[in-house]
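Atoms within each ligand, like the ligands themselves, are counted from 1 in listed order.
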Amino acid sequence: MASHDFAIIGGGIVGLSAGLALGRRFPNAKILVLEKEACWAQHQSGHNSGIIHSGIYYKPGSLKARFAREGNRAMVEFCNEHGIPHEVCGKVIVATEQKELPLLENLYARGLENRVNVVKISPPAVREIEPHVRCLAGLKVSTTGIVDYAQVCRKYAELIQEQGGSLQLCQKVEKIIDAGPEKIIRTQRGEFRARFLINCGGLHSDRLARLGGVDPKAKIVPFRGEYYQLVPDRRFLVKHLIYPVPDPAFPFLGVHFTRMIDGAIHAGPNAVLSFKREGYRKSDFNFLDFAEVLTFGGFWKLARKHMSVGWKEIVRSFSKAAFVRSLQRIIPEVQSEDLIPAQSGVRAQALMEDGRLIDDFLILHGRQAIHVCNAPSPAATASLEIGKAIAVEVPEIGFARTVSFATADTAHL
Ligand SMILES: Cc1cc2nc3c(=O)[nH]c(=O)nc-3n(C[C@H](O)[C@H](O)[C@H](O)COP(=O)(O)OP(=O)(O)OC[C@H]3O[C@@H](n4cnc5c(N)ncnc54)[C@H](O)[C@@H]3O)c2cc1C
């Protein structure tokens, strides 16, 4: 059984980026990536909106704010360097009702605080960019872009391999044993040894943390994001990226219009509780996943607090008419027959026992281990920065250095 310096669980964008960064920091280290699926980016990293976020939304000083802004630049640079198709097309965020105007104002102030390139624009100026939008006021963010993150992941994997890393697909980690100076990582197909473990398991990251002896005091709750796409002859309704003003009580951005890098126009995603962690269809159900949510006190506290929003999301998930009405608030011309269902994604969102959704990235430390326990959007944008942060935080050879990596949220866990 070969021994490795670092074993990374998870071949999504965060795990692969960690592998890349570790290989750059420790060129002689033996790096192993274990992924349970047969290809990279089979879950969140391959089922998302493909936005290179600017960093406007996030609480100033948070990891999300820092890593998104710097990650945006790094991602664009990476795509340029490796010839990955992308476009910095900018986006508009629009208020369509009076009550959203103060929220838009707050978002503008937050953007400035986060040093994002954002300007206020009038409705006629919005229509110069997006002729079919109806709104009362808008913001223009010029650094937002689009890319296919699955393609980015494949490039990360290729580079890890070039650095000498070992990439193992179809290896589902089932057990982690602390064996003194090493960890033994057992999959359904074999055993691996490593001196340091990095858990980037996305939708399963909380379970993997527990397997590794760390209680994140939070549970991953899967929220499915469902999309429609515009039929080709109605794509003219959207030029770039059009977002509503998000509800500040939630970490989701509200259904929006996104031009994908392949030219398709997606509308969505909503945010509806999934009955399976990797449940991409409404009918997907897994007894263990569902029972875990229902027996978690934090879920009921969240449900009580946001009952009406949760109910509206369920209605919007089952009723195309309700989904279309949300979109018509931004583009009144959109009609039900313009939209066909598109592939959905499932967000891994960590929820605390007190019913609060963890807003920031959550990165915890165990003995000779780092566990990434909350890496929702904009973690794809921020992946290169998250990877770098992990590589900086692992101890030097010999693992003598004490690791301490507080996140905004570790404090209140
Ligand atoms: C609908 C939606 C829209 C989004 N839009 C955007 C966007 O526009 N821009 C943006 O920046 N971010 C966006 N995000 C967020 C972004 O996609 C995620 O933050 C990011 O992909 C998280 O990457 P990850 O590597 O942590 O997780 P994942 O991509 O889920 O990877 C985790 C990997 O771990 C593997 N794994 C799990 N358990 C095991 C095990 N036991 N053994 C081995 N392997 C295991 C899984 O198979 C998986 O491949 C969106 C997410 C969703 C769902």
Ring-plane angle category for Tyr280 and His47, please: parallel below 30°, perpendicular beyond 60°, tilted otherwise.
parallel

Geometric class of the Phe6/Phe196 ring pair [parallel <30°, tilted 30-60°, perpendicular >60°]
perpendicular

Between Tyr243 and Phe257, is the ring centroid distance below 6.0 Å?
no

Report yes or no: does Lys64 contribute a side-chain atom to a donor-acceptor pair with the main-chain N or O of Asp359 at less than 3.5 Å?
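Yes, because the side chain of Lys64 sits within donor-acceptor range (under 3.5 Å) of the backbone of Asp359.
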
Would you confirm whether Ser45, through its side chain, and Gly12, through its main-chain N or O, come within 3.5 Å as a donor-acceptor pair?
no

Contacts table for ligand 1: protein N or O within a distance under 3.5 Å of ligand N or O, distances only.
residue, atom, partner, partner atom, Å
ligand 1, 5 (N), Ser49, N, 3.2
ligand 1, 8 (O), Gly50, N, 3.4
ligand 1, 8 (O), Ile51, N, 2.9
ligand 1, 9 (N), Ile51, O, 2.9
ligand 1, 11 (O), Ala380, N, 3.4
ligand 1, 11 (O), Thr381, N, 2.9
ligand 1, 11 (O), Thr381, OG1, 2.7
ligand 1, 12 (N), Ser377, OG, 3.4
ligand 1, 17 (O), Gln44, O, 3.2
ligand 1, 17 (O), Asn48, ND2, 3.1
ligand 1, 19 (O), Ala375, O, 2.7
ligand 1, 19 (O), Pro376, O, 3.3
ligand 1, 21 (O), Ser45, N, 3.3
ligand 1, 21 (O), Ser45, OG, 2.9
ligand 1, 23 (O), Ser45, OG, 3.3
ligand 1, 25 (O), Ile13, N, 3.2
ligand 1, 25 (O), Val14, N, 3.0
ligand 1, 27 (O), Gln44, NE2, 3.3
ligand 1, 29 (O), Ser45, N, 2.9
ligand 1, 29 (O), Ser45, OG, 2.5
ligand 1, 30 (O), Gln44, N, 3.3
ligand 1, 30 (O), Gln44, NE2, 3.1
ligand 1, 41 (N), Val173, O, 3.1
ligand 1, 42 (N), Val173, N, 2.9
ligand 1, 44 (N), Lys36, N, 3.2
ligand 1, 47 (O), Glu35, OE2, 2.7
ligand 1, 47 (O), Lys36, NZ, 3.4
ligand 1, 49 (O), Glu35, OE1, 2.6
ligand 1, 49 (O), Glu35, OE2, 3.2

Does anything in residues 149-184 form a ring-ring contact (aromatic ring centres under 6.0 Å, His included)? List the pairs, not counting sequence neighbours.
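Qualifying pairs: Phe78-Tyr156.
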
